[in-house]
Every structure is written in structure tokens, then in C-alpha cells.
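Note that the coordinates shown come from a computational prediction; the quantities given were computed from them, not determined experimentally.
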Amino acid sequence: MSEYILVTGGAGYIGSHTVIELINNGYKVVVVDNLCNSSYDAIARVEFITKQKVDFFDVDLRDLESLNKVFDKFPIKGVIHFAALKAVGESTKIPLAYYDNNIGGTITLLTAMQKHEVKTIVFSSSATVYGDATRFENMIPIPEHCPNDPTNPYGKTKFMIEHILKDIYGADNQWQTAILRYFNPIGAHPSGLLGEDPLGIPNNLLPYLAQVAIGRREKLSIFGNDYDSHDGTPIRDYIHVVDLAKGHIAALNYLKNLNGGLYREWNLGTGNGSTVFDVYHAFCKAVGKELPYEVVGRRGGDVLNLTANATRANTELKWEAKLTIEDACKDLWKWTTENPFGFNIDNYEWKVFSDDKEDYRNRLHTVKYDNFEVSFANRGAIIQKIVKNGINVVCGFDEPSRYIEKSNPFFGTTVGRVANRIGHSKFELNGKTYTLESNESSNTLHGGLDGYDKQYFFGPVAKQFKKDDKIINTFEFNYVDKDGHNGFPGDVECTIKYTVDDSSVAIEFVGEHLKDSPVEETIINLTNHSYFNISNTKSTDGTVIKAITNKQLEVNDELLPTGKFVPTHTDITKPTTLSADCAFDYCFVVDGNGSGIDTRDSELKQVIEATHPNSNIKFIAETTDPSFQLYTGIGINTPGFEPRSGFCIENARFVDAINHKEWANQVIVKKGQSYGSKVKYSFV
Ligand code: NAD
Ligand code: UD1
């Protein structure tokens, strides 16, 4: 069984990278972080990367009662303790806050551990405990036995905590304590999704240089070029944060294999020193241009050389740093360009969208423009709200519990693995017959009983950028739909990417049939089930629609396509007014030839436009798909909403394509292939 590791400070820079490595190594993780120097978005991104749930508690380490509750709830086997304040300069100005937070927090943590008989801890210490190692001869590179002499309150908190841990081990030698003394962690996750997100003006070399490179700071100040090094600038041991994170797994594994207790220190560094100019040149190379700098006077407290002797970690922990400064610079630059403001996006906010305020699985994410606002939630990766000029133009619930009710007619949800109907809940693939559960007479509708509307998607990865002077926000959610779920074959990873600007929401649907899936082929058909209403009343009656096509799939009594295309009852290529007598629930054919499995490279075609005399909003739907279901909401029957409260434009492949030979290639996805499509809803 996998073991739970409690990670304090797991939303922070080193903590979040370590959580990824823990999960990659089969550990289950609980994170406690009060977010005083981080953002929950880091955890959401860890989940997005690993596709695993990370239990998270917004708890201050000094709050013993809350901490005890976390220990009560999970079978915690060990702790990695990152949570601390860490700015050297700040610690000299507010030392009491540093002693209170770092030492106070550690004492509370150890009290809770003792109470729950958890006696394994990996502690984030720092090379700063050595102070100026050049005060001795032969102490560079610095070995663990180098005498300690921290020169600032931050360093002293690390020094004192090491001693507290040593004394606890002295009193009870069952304790397994790994002291990891980090040298200079740099870089970011190679995915570009995680990195350091310093608040205010960065103190450290690379975060500062990164902000110069994207134009947030004018130039780098190099603190002195009169040191005794090859170019006159000080020497440090810069270690890629991913290597550092892996060092924690090595330490945990080492402790696990011990018979008894231990207290021991290990340096985590590369063993190689680099000067400020070495790092500067490596980063300029990653950026592709020379960055402005100025040499200024020495910074107080800086020393010539802090390079690790990492032999002890190399031999005992069987760990060594593998990545280079060039790797770190490349990854940092990717992180910086893709997230120029870190996790902080001006017009975006989120809140927990669950009756249980500690349930971070379902959050409501809102992005706001002057006259446009959109909200998404994790459950179903739904569109919960779109507000244009003060008018809510989609049906949605304000109370999260309403989405779980049976009468919810798929409001705003992502629909999958196969949207719309599968005839008689059966299909054949590769000579095998698959039988699904029926949830609409004898058919399977919208993926079945446990469809995507009921799944918690990970993410979102929220990003912002500017294009042609417009601010664009993207929100990416993902979910892994495993082989056998709802009766469908194959492992599929779905990614739903929303792109929002000041008047539109575009959706990119991707369903990747994973390379190590147990079957050769599966079927996928994804869509979104938002109900639009631009009338500013509870009913869409009076909405005037006009479509690109009048051609629909002919259906039989069971609402299954016969294979023929027929004209619809009213010619909707001409302006058509919706009412009880003029309703639709048909699949309209945009391209009679159908499509391949990935339509994302096709042109977005306008398929519907709608207006209403009560409002000055024009609705436009565009898609790359060969068809769309126009459903005018005749069956809506849930408190607060009546029939025809909204209409859906569900872009998708032909209904029941898998059971029609000539259409099946629209939905069959081979192992390693991706299904793809796009839709865009504009409100102008
Ligand atoms: P970070 O600030 O990004 O992460 C620390 C995390 O701890 C933050 O998420 C913060 O919100 C949380 N935290 C702080 N006080 C807390 C409290 N009382 N209760 C709950 N959460 C709290 O810093 P980081 O760079 O990831 O550093 C992690 C650890 O490594 C720290 O202990 C730091 O001292 C140590 N360290 C860092 C460096 C470095 O250069 N980054 C070098 C040596 C050692
Ligand atoms: C500092 C802390 C250390 C902490 C580490 C990472 C001190 C004495 N040590 O290490 O405890 O673990 O940060 O958080 O503060 N430099 C410039 N211009 C800049 C910034 C830095 O020239 O704008 C130079 C510095 O002089 C130094 C090197 O770059 O030679 C690295 O500096 P920095 O990133 O701040 O780390 P350290 O000072 O080594």
C-alpha cells in the first residue's frame, strides 16, 4: 500500500516540485500550507501534471488543533518539512516573525508528530547554516562537518531547528531525521507549469534576471566583481530544483531501509561552483539575447564561495544532481515566458464550489472583463456562468449541490466519453462487442450513468497573455477516463481548454488514447452542454436563430439516426423564431462527408447565430466539427428553470457514428492518437 507523506509548505517552490516526485514514486501526499508565500494554483498544477489528487489543507503550522486533525485523518508515515519564511534580508528586519514562524511552526509540527507517533522527518535546512565557510582553510567545497555559524536570523532558525531535532533524537533514538542542507536551488519544472513565483522584488539572482528578461525590471545589478574568482564574481553551487526534489525521495528511501533511528545531515548540491557571470551567460543563452546589467558594489553578507561537497549524499543516499545550469536556465525561461506573472492573474479569482469548504476538488473559477464574465468549475469542467452586459446568458446553478441533482439537464458540462446517443447501448470495435449501461430507454446517452458531468477534472492551469492588445485567458482542465469506466474500452486522457477574451469563450477538446492503453482502439466524441439564453428573461421564446444548414440526420422512433440526411421541419437557414411550436432536438450536418478524428486544424465555421428582441446581444457559434446538435431545451425540468430556458449547440461527430460503418472513422481513436475538436461561442 502506498504511504502517506505529509508535506508542510508543499505549495511553495521546492515543495511543489517535491510533491510531483513523491507521486511519481508511488507515495500519497497530504499538503499543509497557509499560502503565506504561495498559491493553491501550484497544487492544482501538480494535480494536472500527475493526474493524481493531492489532499490539501490551508493550515498554519502553528495551529496545533488543525494540524492534529490532519494527522487524525490520514495514516501519515513521514513528514517533509518545507514550511518556513526564507528571505535572509527580511529576517534581519523582522527577526521575531522568523523565530515565531519557523521555530514555533516546527515545535507545533513535532508535537503533533509525537502525539501520533510519526517519527520520520526530512527537514529543509540550508547551506546558510555554515555562514562564511571561507573563514577556514580547506572547507571549500563545504563538507557537512564544517562548523556552523549562521549570520542572519533566517539562518539561525535553520540552525536552531537542526538542534531541536538532534535533541529529540537524543531523547528517543527511534526518530529518523534527515537534515538536508540545500545550496542554491534554481530552475523550474520542465513542463513550464511550475516554478518560483517570488512576491515583490526578487532577492535571488535568477528570479531577478528572469524579470529583467521579460521586461519587468530594467537591468541586473551584479553585486561586486572584485572577488577572487575567474571573473571576479562570487561562486555558488546552483542546483536544479527537480534534482533537489529527487534528493528528498532518496532521503526518504534511505530512512525507510534503516532498522532503527538516525539523525544525519546531507548537503544537497552539485559539487560544482559557478560564478554570477557564468549563470548570467547561461541564462542569456537560454533567452537568446544579452540582458542589461551593471556591476555595483558588494552586497553585505555575501561571501566568495559556497560550493557543496556532496559526496555524502552521493554515496549514502545514492543520489546525485544530474541536470545542468543550462537545463535550469532553459526551464526557468519556459516557466517565465508562459507565466510572466507567476500564478497571479489580475482578473481571475476562484473559490471552493462545494458545501464542504475544505473540498478543493471542486472550485469555481471566474475571469472578469469590463462587460463580460465567465465562471468554470472542476466538476464536469462546466461553464457555470457567462455574463454579458450584466445579463446571464447561460443556465447554471449558484449552489454546487444543485449540479448533483438528478433533474440537472447537463447544465454547462463537458460531455464524454461519447456525447449523444449510442444505439441500444452497444457497439463493435476490433471484432469485440461492447455493452454499456442504458440510461435513456435502451440507449446510452452522454457517456452513461457516470459520465463526465460527474467527474472532477484537475486544474485548471490558468494563464494569461496579450494578443493584438486583447487580454486572453486560458483555463485547461484534464481528466483520465480509465479502461472499463462506463463500459468503454481504453485509457483516455481528456483535456478541455477554455480560451476567454472580452466577448467569447472558445473550447478545445482533446481526447488522447494513451500509449499504454490496454486496447488498440476506443471511441471518443466530446462536446459541451451549455444552455444559452440571450433573452434576459427565463425563456428563450422569441429568440431568432439562423443556421448554416437545414440538413439534419433523420432519426427513428428511438431517436437513432437512420443514416439519411433530411431537411428539418422549418428552414432554419432563414431567420427562425423559437417557441413551443418551433423546437429542435436534431443533429444538423455541417459537412456531409463527416470528418477525421482530429478536426482542430480545420477552419472554425459559423454554424448558428441568434438574437432576441429583448437584448442587444448577438450570439454566434462556430465549430470545426462536421455536425452539431441543436437542442432547444424542451425537456428542462429542474427547480428555477422551465422548458425552453436555454438552447444548446453541441458541436460533435454524427450521432451514434460508431454504429454506422461510413461514419465510424469520425470517432474511432487508435492507441497513441488524439481526438480533437473546437467550438467558439461569441457574444457581440
Ligand atoms: P517557499 O516560500 O516557496 O515555500 C515555503 C512554503 O511554506 C510556502 O508555500 C509558504 O506558504 C509555506 N509556509 C510558510 N510558513 C508557514 C506556516 N507557518 N504554516 C504553513 N505554511 C507555511 O520557499 P521554498 O524556496 O520552496 O523553500 C522551502 C524550504 O526550503 C524552506 O524551509 C526554505 O527555508 C528552505 N530553503 C530554501 C532555499 C531556496 O533557495 N529556495 C535554500 C535553502 C533552504
Ligand atoms: C541566498 C541566501 C541563502 C539562501 C539562498 C537561496 C544569503 C547570504 N544567502 O544565497 O541563505 O539559501 O539565497 O534563497 O543571502 N547576485 C547579484 N545580483 C542580484 C542577486 C544576486 O549579483 O540581484 C549575486 C549574489 O551576490 C550572489 C549570487 O548572485 O553572489 C547568488 O545570490 P542569491 O541568489 O541571492 O543567493 P545567495 O546569496 O547565494
* Going through the checks in order, is the side-chain contact (heavy atoms from CB on, under 4.5 Å) test met by V122 and V79? -> CA-CA 6 Å; V122 175; V79 176; over 6 Å; no
* Given E117 and K77, is the salt bridge (charged side-chain N to carboxylate O under 4.0 Å, His left out) satisfied, shown in steps? -> CA-CA 9 Å; E117 301 217 350; K77 286 279 188 300; over 6 Å; no
* To do: Test I5 against T120 for side-chain contact (heavy atoms from CB on, under 4.5 Å), laying out the working first.
  => CA-CA 10 Å; I5 299 296; T120 297; over 6 Å; no
* Should we count CD of E358 as having more than 12 external heavy atoms under 6.0 Å? -> no
* To do: Taking atom CG of D228 as the centre, report whether more than 12 heavy atoms of other residues, nucleotides or ligands fall under 6.0 Å from it.
  => no
* **cation_pi(R298, F223) dist<6.0 Å, angle<=45** => no
* Asked: So is R363 actually on top of F353's ring, under 6.0 Å and inside 45° of the axis?
  -> no
Any salt bridge linking [X] with [Y]? Criterion: basic side-chain nitrogen under 4.0 Å from a carboxylate oxygen.
| X | Y | result |
| --- | --- | --- |
| D243 | K322 | no |
| D100 | R62 | yes |
| E144 | R181 | no |
| K334 | D331 | no |
| E476 | K463 | no |
| K53 | E47 | yes |

* Among T307, L306, N309, the one residue meeting side-chain contact (heavy atoms from CB on, under 4.5 Å) with I142 -> L306
* Qualifying residue, where the test is side-chain contact (heavy atoms from CB on, under 4.5 Å) with E21 and the options are L252, V242, T50, L244 -> V242
* Looking only at non-hydrogen atoms, find the nearest pair between A213 and F283 and report the distance. => CB-CE2, 3.9 Å
* Would you mind telling me which of D149, N267, T151 makes a side-chain hydrogen bond (donor to acceptor under 3.5 Å, both in side chains) with Y130? => N267
* Structure fact -> From the list Y182, F123, Y254, ring pair (Phe, Tyr, Trp, His ring centres under 6.0 Å) partner of H248 resolves to Y182
* To do: Dump the intermediate steps for ring-ring contact (aromatic ring centres under 6.0 Å, His included) on Y280 and Y293, then the final yes or no.
  => CA-CA 9 Å; Y280 165 82; Y293 74 86; 5.0 Å; yes
* To do: Report the C-alpha distance between E493 and K51 in whole Å, list the side-chain angles of each, state the deciding distance to 0.1 Å, and finish with yes or no for salt bridge (charged side-chain N to carboxylate O under 4.0 Å, His left out).
  => CA-CA 9 Å; E493 180 180 334; K51 285 137 218 146; 3.3 Å; yes
* Asked: Is it true that the side chains of N478 and T495 contain a donor and an acceptor less than 3.5 Å apart?
  -> no
* Asked: Do the side-chain N and O atoms of R236 and N272 include a donor-acceptor pair separated by under 3.5 angstrom?
  -> no
* **Step-by-step ring-ring contact (aromatic ring centres under 6.0 Å, His included) determination, F56 to Y40** => CA-CA 9 Å; F56 173 81; Y40 179 80; 5.0 Å; yes
* Give the intermediate values and the outcome of side chain to side chain donor-acceptor pair (under 3.5 Å) for residues T311 and N314. => CA-CA 5 Å; T311 314; N314 298 160; 5.1 Å; no
